[in-house]
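Presented below is the structure to which this report refers.
One-based numbering along the sequence shown.
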Amino acid sequence: MNSKDESGSPQKRDAIVGIIMGSESDYETLRHAEDILEHFQIPYEISVTSAHRTPDVMFDYARAAHARGLKVIIAGAGGAAHLPGMVSALTTLPVLGVPIESRTLKGIDSLLSIVQMPGGIPTATFAIGVSGATNAALFAVQILALSEPGLNRTLKKYREDRAALALAGNEKVKARLSRRELW
C-alpha cells in the first residue's frame with residue numbers, strides 16, 4: 001500500500017497488518033480481507049507462508065512480525081489448517097484465523113483445526129470462507145481503531161453506510177410486497 005510524501009511522490013508505507021495463507025489457492029478467499037484493508041487505507045503485506053511446506057519461513061515470519069511493525073496477523077488456511085495456531089504460538093500479536101473452504105469437508109476441518117487451540121494460545125477464529133476473511137479484516141480494523149481515533153470514525157461511518165444499505169433493501173422488499181398485496 002502506498003501513500004505520498006510531502007513532495008507528492010509515492011512512498012511505501014510500512015505494513016501494520018500481515019495477511020498470510022497456506023497456499024496460493026487460499027488467495028481467492030483472502031483477497032476479500034485485502035479489499036477491506038484497502039478500503040480503510042491500512043498498510044498491509046501479503047504472502048504464502050505454509051506451516052507444512054515452509055515451516056522455517058512461517059517460524060521466521062511469526063517471530064519477526066512484531067519487530068517489523070505488524071500489529072495484527074490474518075492467517076488463512078485450509079485442510080489441517082495449522083498455520084493460524086502455529087503463528088499464534090510464535091508471536092504475541094493478535095492472530096485472526098480464517099478457515100478456507102476445502103473440497104473434501106467444505107471447510108469444517110479447517111474451522112475445527114483453528115478453533116481448537118489449547119488454553120493459553122488464543123487464536124481468534126472466524127467463519128469459513130469469504131465471510132470469515134471479510135470479518136477478520138474488519139476485526140483487524142477494530143483492533144487498530146482502538147488507538148487511532150480517525151480510523152474509529154471511518155469504521156463508524158462504514159457501519160452507518162452498511163446499515164443504510166440494509167434499510168434501503170428493506171424498503172425495496174416492502175415495496176415489492178405491497179405491489180403484490182402481501183404486506
If we only count heavy atoms from C-beta on, is the V17 to K71 side-chain gap below 4.5 Å? no

Does R63 use its side chain to pair, donor to acceptor, with the backbone of M58 at less than 3.5 Å? no

If you take all heavy atoms of A136 and V98, which pair is closest and at what distance? CB-CG2, 3.6 Å

Main chain of G22, side chain of D26: is a donor-acceptor contact present, judged purely on distance under 3.5 Å? yes

On a heavy-atom basis, which atom in A75 and which in V95 lie closest, and how many Å separate them? CB-CG1, 4.2 Å

Does the side chain of I114 come within less than 4.5 Å of T123's, by heavy atoms? yes

If the condition is side chain to side chain contact (heavy atoms under 4.5 Å, CB included), which residues does E34 pass it with, not counting sequence neighbours? I19, Y27, R31, E38, Y44, I46

Residue F139 excluded, over 12 heavy atoms near CZ under 6.0 Å: no

Are any of the side-chain heavy atoms of Y61 and L90 separated by less than 4.5 Å? no

Examine distances only and state if a side-chain atom of T91 and a backbone atom of S88 form a donor-acceptor pair shorter than 3.5 Å. no

Is there side-chain contact between Q142 and N152, with at least one heavy-atom pair below 4.5 Å? no

Is it true that T104 and S102 share a donor-acceptor pair across their side chains at a distance under 3.5 Å? no

For T54, side-chain hydrogen bond (donor to acceptor under 3.5 Å, both in side chains) partners two or more places apart: none

Please walk me through it: do S50 and M21 pass side-chain contact (heavy atoms from CB on, under 4.5 Å)? CA-CA 7 Å; S50 173; M21 62 202 79; over 6 Å; no

What pair of heavy atoms forms the shortest contact from P99 to A127, and how long is it? CD-O, 3.4 Å

Any idea which heavy atoms bring I121 and G85 closest together, and the distance? CG2-O, 4.2 Å

A quick test of your reading: do over 12 heavy atoms of other residues, nucleotides or ligands sit less than 6.0 Å from CZ of R68? yes

Report yes if the side chains of S110 and E101 come closer than 4.5 Å at any heavy-atom pair, otherwise no. no

Gap between atom OG1 of T154 and atom CD of E148 - 0.5 Å precision: 10.0 Å

How would you list, by chain and number, every residue that makes a side-chain hydrogen bond (donor to acceptor under 3.5 Å, both in side chains) with H52, sequence neighbours excluded? H82

According to a 4.5 Å side-chain heavy-atom criterion applied to Ile, Leu, Val, Met, Phe, Trp and Tyr, with indirect links allowed, do L151 and I74 form part of one hydrophobic cluster? yes

Main chain of V130, side chain of T134: is a donor-acceptor contact present, judged purely on distance under 3.5 Å? yes

Closest non-hydrogen atoms of L83 and A77, given as atom of the first, atom of the second and distance, are CB-CB, 4.0 Å

Would you say I42 and I16 make side-chain contact, with heavy atoms under 4.5 Å? yes

Trace of the side-chain contact (heavy atoms from CB on, under 4.5 Å) decision for L70 with L93: CA-CA 8 Å; L70 293 185; L93 293 174; 4.0 Å; yes

Indicate yes or no for a side-chain donor-acceptor contact from T125 to the backbone of G97 under 3.5 Å, with no hydrogens or angles considered. no

Give the cluster check for V115 versus M86: same hydrophobic cluster or not, with ILVMFWY residues linked at side-chain heavy-atom distances below 4.5 Å. no

side-chain contact (heavy atoms from CB on, under 4.5 Å) evaluation trace for K174 with E171: CA-CA 5 Å; K174 284 181 179 180; E171 292 305 314; 4.3 Å; yes

Could you check whether any side-chain heavy atom of K156 comes within less than 4.5 Å of a side-chain heavy atom of R153, counting everything from C-beta outward? no

Taking all atoms of both residues into account, what is the closest heavy-atom pair of L96 and A140, and its distance? CD1-N, 3.8 Å

Is there a chain of hydrophobic side chains (I, L, V, M, F, W, Y, each step under 4.5 Å between heavy atoms) that links F59 to V48? no

Hydrophobic cluster membership, F126 vs I20, 4.5 Å side-chain cutoff: no

Walk me through it: do F40 and L138 pass the test side-chain contact (heavy atoms from CB on, under 4.5 Å)? CA-CA 9 Å; F40 285 95; L138 287 167; 3.8 Å; yes

Tell me whether V141 is reachable from I73 by hopping between hydrophobic residues (I, L, V, M, F, W, Y) whose side-chain heavy atoms are closer than 4.5 Å. no

